[in-house]
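Heavy atoms only: backbone and side chains are in, while hydrogens, waters and symmetry mates are out. Counting from 1, the numbers follow the sequence of the chain as shown. What you see is a predicted model, and the numbers here were worked out from it, not measured in a lab.
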Amino acid sequence: MKIMVLNGPNLNFLGIREKNIYGQENYQNVCEYIKDKFNGCNIEINIFQSNIEGEMINILQRAYSEKYDGIVINPGAYTHTSIALYDAIKSINIPTVEIHLSNIHQREEFRHKSYTAPACIGQICGFGKEGYIFAIEGLIAHLSK
Ligand code: DQA
């Protein structure tokens, strides 16, 4: 099973940005945490990050050509703006789970709307880095059906 984790803008600034919301841990450590959790499970997990919307679309299209089985996406602020990312997720037809470190529904009103979630099989938010693990487990359960 081949799973892509794609993180959007400013997520590379974990451990620097708004630590009270996103935690103390830096981006590299969060990536290692995700990979370590599934080490030895016979699942290939590749993690990507971009601050650029079009680049995220290129990466999603690569998931199609490289035959990924599932995607976990944290689109960052593009969640609340990007019809292009919605279209990209719909286009590639690969089961995708949206994840947010923070509980977007508990925050500013502009974060309550997700343009991308309707293209996904589910959304997880509010559990910090653990959300990535739940999202991957959800994908595995979905793909094993
Ligand atoms: C985020 C939530 C978004 O609203 C915000 O713009 C982010 C991070 C999260 O993981 O909680 O950049 O996606």
What are the two closest non-hydrogen atoms of [X] and [Y], and how far apart are they?
| X | Y | result |
| --- | --- | --- |
| Cys120 | Thr96 | CB-O, 3.2 Å |
| Tyr86 | Tyr115 | CD1-O, 3.2 Å |
| Tyr64 | Ile92 | CD1-O, 3.6 Å |
| Asn51 | Gly8 | OD1-O, 4.2 Å |
| Cys125 | Asn103 | SG-OD1, 3.6 Å |
| Leu139 | Gly70 | CD1-C, 3.8 Å |

**Report entry** Working for side chain to side chain contact (heavy atoms under 4.5 Å, CB included), residues Ile21 and Arg107
**Finding:** CA-CA 10 Å; Ile21 297 173; Arg107 299 181 62 195; 3.5 Å; yes

Tell me, do [X] and [Y] make a side-chain contact under 4.5 Å, heavy atoms counted?
| X | Y | answer |
| --- | --- | --- |
| Ile16 | Asn26 | no |
| Ile104 | Gln123 | yes |
| Tyr132 | Lys37 | no |
| Ile124 | Val72 | no |
| Pro9 | Met56 | yes |
| Ile73 | Met4 | no |
| Met1 | Ser144 | yes |
| Val30 | Asn7 | no |

Just verifying a value: how many Å separate [X] [atom1] and [Y] [atom2], rounded to the nearest 0.5 Å?
| X | Y | atom1 | atom2 | result |
| --- | --- | --- | --- | --- |
| Glu137 | Glu130 | CD | CD | 8.5 Å |
| Ser102 | Arg111 | OG | CZ | 6.5 Å |
| Ile136 | Ile3 | CD1 | CD1 | 6.0 Å |
| Asp87 | Leu60 | CG | CG | 11.5 Å |
| Asn39 | Glu32 | CG | CD | 11.5 Å |
| Cys31 | Asn46 | SG | CG | 11.5 Å |

Query raised in the report: Is there a donor-acceptor contact under 3.5 Å from the side chain of Tyr78 to the main chain of Ile52?
Result: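 Between the backbone of Ile52 and the side chain of Tyr78 there is no qualifying donor-acceptor contact (under 3.5 Å).
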
Query raised in the report: Do the side chain of Lys129 and the main chain of Gly23 share a donor and acceptor less than 3.5 angstrom apart?
Result: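 Between the backbone of Gly23 and the side chain of Lys129 there is no qualifying donor-acceptor contact (under 3.5 Å).
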
Query raised in the report: Passes side chain to side chain contact (heavy atoms under 4.5 Å, CB included), Val5 versus Gln49? Steps please.
Result: CA-CA 8 Å; Val5 177; Gln49 190 275 330; over 6 Å; no

Find out if a path of hydrophobic residues (ILVMFWY) with successive side-chain heavy-atom gaps under 4.5 Å connects [X] to [Y].
| X | Y | value |
| --- | --- | --- |
| Ile94 | Ile43 | no |
| Leu143 | Tyr68 | no |
| Phe48 | Phe13 | no |
| Ile34 | Phe134 | yes |
| Tyr27 | Leu6 | no |

Query raised in the report: With under 30° as parallel and over 60° as perpendicular, where do the rings of His112 and His105 fit, or are they tilted in between?
Result: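 It falls in the tilted class, 30° to 60°.
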
Does [X] [atom1] have over 12 foreign heavy atoms under 6.0 Å away?
| X | atom1 | answer |
| --- | --- | --- |
| Glu108 | CD | yes |
| Asn20 | CG | yes |
| Asn93 | CG | no |

Query - Polar contact flag, side-chain donor to acceptor under 3.5 angstrom, Thr79-Glu98 - result: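 No.
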
Report task. Decide side chain to side chain contact (heavy atoms under 4.5 Å, CB included) for Leu14 and Leu101; before the verdict, give the C-alpha distance in whole Å, the side-chain angles of both, and the deciding distance to 0.1 Å. Result -> CA-CA 10 Å; Leu14 289 182; Leu101 296 155; 3.7 Å; yes

